[in-house]
There are 2 protein chains.
Amino acid sequence: MGRWEPGAGGRLREAALELYLEQGFEQTTVAEIGERAGVTARTFFRYFADKREVLFAGSEVLQDTMIAALEGAPESASAMTAVRAALDAVGRVLTDREHSARRQSVIVANAELQERELIKMASLSRALSDGLRRRGVSDPQASLAAETGIAVFRVAFERWVTEPADRDLAQVMRESLDQLRAITAG
Amino acid sequence: MGRWEPGAGGRLREAALELYLEQGFEQTTVAEIGERAGVTARTFFRYFADKREVLFAGSEVLQDTMIAALEGAPESASAMTAVRAALDAVGRVLTDREHSARRQSVIVANAELQERELIKMASLSRALSDGLRRRGVSDPQASLAAETGIAVFRVAFERWVTEPADRDLAQVMRESLDQLRAITAG
DNA sequence: TACGTGATGTCAGTCGCTGACATCAGCTGC
DNA sequence: GCAGCTGATGTCAGCGACTGACATCACGTA
């Protein structure tokens, strides 16, 4: 253990989400976040690149999880089957619906945060298509499968945090993927 | 005519693009842009909401052009035919390849600008799908057609500014759309 | 000719973000 | 046990984006 209360990063994440919910993203200063977490603003910027990034700290883990699942899929599996495995893995990581819903409500209320979310999604998509290409999927198919996978994730995530909480994210994603299949087949 | 040299907004746009090209987006201060345009930084912020927006000032015109073309398409036209008409209209607006290429090179060099571009594209997509729904296209088809149209625009735009300048944007977009059709048909 | 108007300048201030340096508890080697 | 190293944090000064309030001033108009 260090000299200070450990887990400053986690405390900063919680404090930021709370304050963004209570008074809005723009109205919250980094100094306030630090104060609530028991550190200074300077320490905040040692953990997070900027004021938005504190809401997206989990995105690297998410991406690594997706790619690991993609690479763990059987070699014989098709592109979309591998993408489905990646989405299933995401469903196993994102289980705290309350937290996801709160975080999402902050993001949809602020344009800057939506910008950051869009670039994170683009990064996920690129990681997926890169992974598919490593599996031998050729170029237009790899990009299309990746974009489709991310689109399904976004739609399903939106439903999951909005609708009554009777299903988990993995289920909603599978259902959304099936619906997409039905549409494109028609 | 006013007291001052008219066209401050246009001068600011030119000055900003020049400076972003010469020394990079981050290294350029708003005061420098104003100086080159013959105004103060305060005036810059009266024309543009922030330092990035000066590169995206034309996006409203682009969106209005697309929507006008969409609504001008014959009532009997299918969703993708209407989208094609919208893309053709975009091709008629974006004719200065040199300018587009310069602007794009600035954007791809900076993450903040890519974020802004992503949200502009999302806005275009939403406007397109809204327009399609007003034409009576129902919901999953409208969104899919809109996303497809924007995807084609992005891919074709990238090709257009990158490849040797022997075709105009409209041609490249039509070609990209045909290629997509071939892929999805298979 | 006085007055209103609109684009601009000026000024002060807040806040995001950074670099440089100081601090200090614990670990490590002796 | 002591000296020194290390790493997380604090402190401080500073830059630059952005904003609100108010002043200015050429032009059009009554």
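Labels below follow one simple rule: chain letters A, B, ... track the order of the sequence lines, proteins then strands, and each chain is numbered from 1.
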Handout entry: Test item: B:R11 side-chain N/O and B:E5 main-chain N/O as donor-acceptor pair under 3.5 Å
Key = yes
Practice task
Kindly check if the number of other-residue, nucleotide or ligand heavy atoms within 6.0 Å of CZ (A:R97) is above 12?
Solution key: yes
Practice task
Do nucleotides 10-20 of chain D as a string where each nucleotide becomes B, S or -: B if the base has a protein heavy atom under 4.0 Å, S if just the sugar-phosphate does, - if no protein is that close.
Solution key: BB-----SBBB
Problem - 4.5 Å side-chain heavy-atom contact, B:V54 and B:Y47 - result: no
Handout entry: Close approaches to DNA chain D from residues 104-116 of chain B, in residue order (heavy atom, under 4.0 Å)
Key = none
Practice task
Could you identify which residues of residues 10-23 of chain A place a heavy atom less than 4.0 Å from some atom of DNA chain D, listed by residue number, or say none?
Solution key: none
Handout entry: Check against side chain to side chain donor-acceptor pair (under 3.5 Å), B:E158 and B:Q104
Key = CA-CA 9 Å; B:E158 168 71 18; B:Q104 201 63 11; 4.9 Å; no
Practice task
Check whether any side-chain nitrogen or oxygen of A:Y47 sits under 4.0 Å from OP1 or OP2 of D:dT9, and answer yes or no.
Solution key: yes
Handout entry: Distance-only side-chain donor-acceptor flag, B:S138 / B:Q141, under 3.5 Å
Key = yes
Handout entry: Student check: side-chain heavy atoms of A:R13 and A:F48 closer than 4.5 Å
Key = yes
Handout entry: Within 6.0 angstrom of A:Q179 CD, more than 12 heavy atoms from elsewhere
Key = yes
Exercise for the section: Answer yes or no: does atom CZ of A:R126 have more than 12 heavy-atom neighbours from other residues, nucleotides or ligands under 6.0 Å? Expected result: no
Exercise for the section: Measure from NZ or CZ of B:R103 to the centre of the six-membered ring of B:F56 and say whether it is under 6.0 Å with the direction within 45° of the ring axis. Expected result: yes
Practice task
Apply the test side chain to side chain donor-acceptor pair (under 3.5 Å) to residues B:E32 and B:Q23: give CA-CA distance (whole Å), side-chain angles for both, the deciding distance (0.1 Å), then the verdict.
Solution key: CA-CA 11 Å; B:E32 285 176 304; B:Q23 53 191 28; 3.1 Å; yes
